[in-house]
Protein chains: 2
Amino acid sequence: MRGDIPSGSKISEPDLARSYKVSRGPLREAIRRLEGLHLVARVPHVGARVVTLNAIQLFEIYQVREALEGMAARLACRNMSDNEIAELKNLLDDHEDSIAQSDGREYFQHGGDFDFHYRIIQGSKNQRLIELLCSELYHLIRMYRFRSSQILSRPQTALNEHRQICLAIERRDEELSELLMRRHISTAQQHIEQQFKTEGE
Amino acid sequence: MRGDIPSGSKISEPDLARSYKVSRGPLREAIRRLEGLHLVARVPHVGARVVTLNAIQLFEIYQVREALEGMAARLACRNMSDNEIAELKNLLDDHEDSIAQSDGREYFQHGGDFDFHYRIIQGSKNQRLIELLCSELYHLIRMYRFRSSQILSRPQTALNEHRQICLAIERRDEELSELLMRRHISTAQQHIEQQFKTEGE
DNA sequence: ATTCAAAATATTGTCGACAATCTAAAATTT
DNA sequence: AAATTTTAGATTGTCGACAATATTTTGAAT
């Protein structure tokens with residue numbers, strides 16, 4: 001998860017066991033867990049490799065993310081307390097300051113973007129949705145972000161979109177908040193696609 | 001997955017290892033995989049239990065399912081071939097016959113309902129979406145269906161809804177097909193909720 | 001009789017070793 | 001010289017045993 005082991009590299013059980021100072025038994029159990037999280041792929045009798053995300057897989061993840069986070073925004077309208085919404089607004093004000101200070105470059109890098117999404121996901125109060133997005137998909141997206149050092153810095157635009165979503169949630173407008181969240185993620189997806197194309201040249 | 005081990009029962013590693021004629025090592029690795037699928041829950045130093053779905057958890061799963069299958073229907077509009085859509089229509093005709101023959105009781109039991117949903121999910125051509133719905137969530141929903149012997153038999157209504165969805169896909173109407181699919185699942189969810197209430201009395 | 005403490009039991013966590021399988025390297029054949 | 005077969009090496013899969021931890025039972029004290 002930290003990215004210490006490069007994406008795509010083969011995992012040698014004896015080597016890893018030595019480096020972590022554990023026996024192969026617990027290590028294999030751990031690998032099986034990572035397999036469940038789709039972070040390593042395992043071929044019987046051949047070995048385990050750290051998964052690599054190609055453009056298509058990232059594309060697919062973003063489609064899933066759009067559906068799930070859209071639902072999260074809808075449920076957040078239903079289930080976030082007035083207090084939680086007030087705190088969400090405070091967070092956005094902090095982000096505003098942070099962008100003004102750092103000239104906007106560090107918004108995505110310091111998890112500011114994820115902070116916002118994280119709160120709304122939590123606000124859905126749907127435990128399964130939370131686990132799916134925050135534990136399972138997040139690691140995969142994060143893995144990609146490690147590689148391409150987030151060039152998609154469009155902090156002011158993103159912040160504006162965040163504010164719109166926040167407003168819709170404040171008004172408890174389920175339809176609108178879902179729509180805006182889906183568009184927001186869809187836009188991010190398109191930016192990544194663009195990036196992949198220019199990268200390929 | 002077959003339901004041999006009752007939901008909620010504790011899993012004894014030595015017992016299971018004996019009954020499957022394997023050592024505890026591979027068994028533990030298998031349990032870790034099931035843990036990843038959320039089919040067993042594990043507490044350190046205490047043991048593993050087959051998960052039980054309460055009403056809330058099932059409710060949450062259906063919310064996730066609504067979001068994901070709605071997206072699947074949308075993507076199916078984009079990615080299903082004309083041929084695949086024609087086959088989908090044939091499937092619905094078969095279902096029609098099956099319902100007429102068996103007086104409609106066996107539609108859900110024999111996986112007819114799932115057949116339809118399965119094809120649309122596959123039609124999305126999104127591998128991650130397919131895996132999430134068909135491999136991960138399906139087992140959980142199936143686990144519940146084992147317990148309550150599917151009382152929600154409203155076969156004719158469901159079939160009609162399926163036909164409407166199919167029509168929307170045929171017309172490549174992404175908006176409508178997603179909407180109809182979400183309503184279809186939302187309706188099923190409400191039926192289950194109803195059932196839980198009457199069950200609790 | 002009830003409650004708390006301590007010992008006994010059972011279960012989980014970990015390890016090192018051996019067997020089965022795959023990958024590569026070397027040797028033989030064409 | 002190239003290709004195929006064979007052999008050697010490494011890696012994965014499996015096992016039984018031991019240590020650490022939790023649960024249950026037993027006993028004693030209130």
Side-chain angles (χ1 to χ4, degrees), chain A residues 1-54 57 127-128 130-132 134-136 138-140 142-143 146-147, chain B residues 1-54 56-57 127-128 130-132 134-136 138-140 143 146-147:
Chain A
M1 287 174 182
R2 282 210 308 272
D4 292 352
I5 304 172
S7 163
S9 64
K10 192 168 181 304
I11 295 171
S12 161
E13 289 182 9
D15 290 358
L16 250 192
R18 261 189 296 276
S19 76
Y20 282 117
K21 299 250 179 12
V22 290
S23 147
R24 274 181 56 225
L27 181 80
R28 281 172 67 92
E29 291 178 26
I31 291 175
R32 282 270 143 73
R33 284 182 61 186
L34 292 173
E35 200 184 349
L37 292 173
H38 303 276
L39 287 173
V40 310
R42 194 182 185 75
V43 182
H45 288 106
V46 172
R49 301 193 90 90
V50 182
V51 296
T52 51
L53 290 188
N54 58 33
Q57 285 171 305
Q127 273 310 119
R128 188 156 297 267
I130 292 168
E131 163 121 12
L132 256 166
C134 294
S135 298
E136 305 196 5
Y138 172 63
H139 289 308
L140 287 165
R142 184 179 165 79
M143 177 176 276
F146 256 107
R147 241 180 36 190
Chain B
M1 287 174 183
R2 280 210 311 272
D4 293 352
I5 304 173
S7 163
S9 65
K10 192 168 183 307
I11 295 171
S12 161
E13 287 180 11
D15 290 357
L16 250 192
R18 261 189 296 275
S19 75
Y20 282 118
K21 300 250 178 14
V22 290
S23 144
R24 275 179 55 222
L27 181 80
R28 281 171 67 93
E29 291 178 25
I31 290 176
R32 282 270 143 73
R33 283 182 61 188
L34 292 174
E35 200 184 349
L37 292 173
H38 303 277
L39 287 174
V40 309
R42 193 182 185 76
V43 182
H45 288 106
V46 172
R49 301 192 90 91
V50 182
V51 295
T52 50
L53 292 187
N54 58 32
I56 293 167
Q57 285 171 306
Q127 273 310 119
R128 189 156 295 268
I130 291 169
E131 162 119 12
L132 256 166
C134 293
S135 298
E136 305 196 5
Y138 172 63
H139 288 306
L140 286 166
M143 177 177 276
F146 256 107
R147 240 178 37 188

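Treat the numbers as computed from the prediction; the structure is a model and nothing was measured. Quick note on labels: first sequence line is chain A, next is B, and so on, each numbered from 1.
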Distance test, side-chain N/O of K10(A) to OP1/OP2 of dA10(D), below 4.0 Å: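 Answer is no, no contact under 4.0 Å.
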
Show the atom names and distances, to 0.1 Å, of all donor-acceptor pairs under 3.5 Å that link a side chain in residues 35-48 of chain B to residues at least two apart or in another chain.
from   : atom 1 : to      : atom 2 : distance (Å)
E35(B) : OE1    : R32(B)  : NE     : 3.1
H38(B) : NE2    : E136(A) : OE2    : 3.1
R42(B) : NH2    : E13(B)  : OE2    : 3.1

Output the rounded distance in Å from [atom1] ([X]) to [atom2] ([N]).
X      : N       : atom1 : atom2 : value
D15(B) : dA10(C) : CG    : P     : 12 Å
R42(B) : dT11(C) : CZ    : C1'   : 11 Å
E13(A) : dT14(D) : CD    : C1'   : 12 Å
R49(A) : dT11(D) : CZ    : P     : 13 Å
H45(A) : dC22(C) : NE2   : C1'   : 8 Å

E131(B) side chain to R128(B) backbone, donor-acceptor under 3.5 Å: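 Such a contact is absent between E131(B) side chain and R128(B) backbone.
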
DNA chain C contacts made by residues 16-37 of chain B, counting heavy atoms under 4.0 Å: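 Listed by number, they are R24(B), R28(B).
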
By side-chain contact (heavy atoms from CB on, under 4.5 Å) - contacts of D15(B) (at least two apart):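 Only S12(B), R18(B) meet the side-chain contact (heavy atoms from CB on, under 4.5 Å) criterion with D15(B).
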
With A30(A) via side-chain contact (heavy atoms from CB on, under 4.5 Å) - residues at least two apart: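 Testing A30(A) for side-chain contact (heavy atoms from CB on, under 4.5 Å), a comparison that skips the adjacent residues, returns none.
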
Inter-residue atom distance I5(A).CD1 - L34(A).CG, 0.5 Å rounding: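 One gets 8.5 Å once the value is rounded to the nearest 0.5 Å.
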
Test salt bridge (Lys or Arg N to Asp or Glu O under 4.0 Å) applied to R49(B) - qualifying residues, sequence neighbours left out: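 Testing R49(B) for salt bridge (Lys or Arg N to Asp or Glu O under 4.0 Å), a comparison that skips the adjacent residues, returns none.
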
